[in-house]
Amino acid sequence: MRPRADRYTPDDTAGGPPSSAGSGFAEAYRVHRPGLVKLAAFIVGDQATGEDVVQDVFARLHQRWDMLADPGDPLPYLRTAVVNGCRTAIRRRGRAQRRAGHDSPSPPLSAEESVLLSEDRQQVLAALAGLSRRRREVLVLRFYAGLSEAEIAATLGISAGTVKSTAARGLAALARVLGETR
């Protein structure tokens, strides 16, 4: 995939951090971007929006790379920033849908995406999109990203107990929607 011309790419170091910090940033971009895009796409329900969210996070981070508390392991910061970016994207989408008069919680899939996704997966993604924001985020971080309860709590700024109860309620809601018994 080629970055959009109007977006930042990690090769753009003019006016940025020194070359050693720039190489650390470029490495973080190379290593963490693919997983973060998948995470964002699951949360927002759209690959293109997920890519935009992650690109925006990296563009903002590039400006402040030298101020990052732990540049050796930027992943916790990046996850939190991506989740927050997803929240913003979902809010914007909701406002646009209300203005347009649409009630769909996520944009319709393209014909190509519909063919690629199995019917079961489409049902699960639709059910996931119907959950509250927090439940969706907790379930995606837990079961897709494989984070521990403590990591999810740190990423979302909530307690571990809230993570546990939210995950349990989210799974129960998914089971109800999908017609499964627990």
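Worth saying up front: this structure is predicted, and the values here are computed from it rather than measured.
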*Asks:* C86 and I43: which non-hydrogen atoms are nearest, and at how many Å?
*Replies:*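 Minimum heavy-atom separation between C86 and I43: CB-CG2, 3.6 Å.
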*Asks:* Testing the basics here: between V82 and V53, what is the closest heavy-atom pair and its distance to 0.1 Å?
*Replies:*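 Heavy atoms of V82 and V53 come nearest at O-CG1, 3.7 Å.
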*Asks:* Please tell me whether T166 and R169 have a donor and an acceptor in their side chains that are separated by less than 3.5 angstrom.
*Replies:*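 Looking only at side-chain atoms, R169 and T166 do not form any donor-acceptor pair under 3.5 Å.
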*Asks:* Check whether any side-chain heavy atom of L156 lies under 4.5 Å from a side-chain heavy atom of L141, and answer yes or no.
*Replies:*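 In contact.
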*Asks:* Do L174 and V124 pass the side-chain contact (heavy atoms from CB on, under 4.5 Å) test, and can you show the C-alpha distance, the side-chain angles, and the key distance before you say yes or no?
*Replies:* CA-CA 8 Å; L174 281 179; V124 170; 5.5 Å; no
*Asks:* Identify the heavy atoms of P74 and A28 that sit nearest to each other, and give their distance.
*Replies:*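 In this case the closest contact between P74 and A28 is CG-CB, 3.9 Å.
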*Asks:* Would L75 and L36 count as a side-chain contact (heavy atoms from CB on, under 4.5 Å) here? Give the steps.
*Replies:* CA-CA 9 Å; L75 188 57; L36 292 170; 4.3 Å; yes
*Asks:* For residues T80 and A154, report the shortest heavy-atom separation together with the two atoms involved.
*Replies:*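 Residues T80 and A154, closest heavy atoms: OG1-O, 4.2 Å.
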*Asks:* How close do A153 and S159 get, heavy atom to heavy atom, and via which atoms?
*Replies:*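 Nearest pair, atom of A153 first, then S159: CB-C, 3.9 Å.
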*Asks:* So, for V37 and E51, which heavy atoms are closest and what is the spacing to 0.1 Å?
*Replies:*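 Scanning both residues completely, I find the closest heavy atoms to be CG1-CG, 3.6 Å.
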*Asks:* Check the pair N84 / R87 against side-chain contact (heavy atoms from CB on, under 4.5 Å), numbers first and verdict last.
*Replies:* CA-CA 5 Å; N84 288 337; R87 289 175 179 166; 3.2 Å; yes
*Asks:* Where does the angle between the aromatic ring planes of Y29 and F58 fall among parallel (under 30°), tilted (30 to 60°) and perpendicular (over 60°)?
*Replies:*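 Y29 and F58: perpendicular rings.
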*Asks:* Can you check whether V140 reaches L39 side chain to side chain, under 4.5 Å on heavy atoms?
*Replies:*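 Yes. Closest side-chain heavy atoms under 4.5 Å.
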*Asks:* Working note: V57 + H32, criterion side-chain contact (heavy atoms from CB on, under 4.5 Å); need CA distance, chi angles, decisive distance, verdict.
*Replies:* CA-CA 12 Å; V57 165; H32 299 302; over 6 Å; no
*Asks:* Taking C-beta and beyond as the side chain, do T49 and R92 meet within less than 4.5 Å on heavy atoms?
*Replies:*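 Counting from C-beta outward, T49 and R92 never come under 4.5 Å.
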*Asks:* Run the salt bridge (charged side-chain N to carboxylate O under 4.0 Å, His left out) test on E27 and R30 for me, step by step, so that the C-alpha distance in whole Å, both residues' side-chain angles and the decisive distance to 0.1 Å come before the verdict.
*Replies:* CA-CA 5 Å; E27 179 70 10; R30 185 186 65 74; 2.7 Å; yes
*Asks:* Determine, using the 4.5 Å side-chain heavy-atom cutoff (strictly less than), whether F42 and V177 are members of one ILVMFWY cluster.
*Replies:*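 Different hydrophobic clusters.
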*Asks:* Nearest 0.5 angstrom please: Q47 CD to D52 CG, how far?
*Replies:*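 These two atoms lie 10.5 Å from each other.
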*Asks:* Report the residue from R134, R135, R133 that forms a salt bridge (charged side-chain N to carboxylate O under 4.0 Å, His left out) with E137.
*Replies:*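 For E137, the salt bridge (charged side-chain N to carboxylate O under 4.0 Å, His left out) check succeeds only for R133.
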*Asks:* Can any side-chain N or O of R142 pair as donor or acceptor with the backbone N or O of L147 at less than 3.5 Å?
*Replies:*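 Confirmed, R142 side chain pairs with L147 backbone.
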*Asks:* Hydrophobic clusters here meaning ILVMFWY residues chained together by side-chain heavy-atom distances under 4.5 Å, can you tell me if F143 and V44 are in one?
*Replies:*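 In one cluster: yes.
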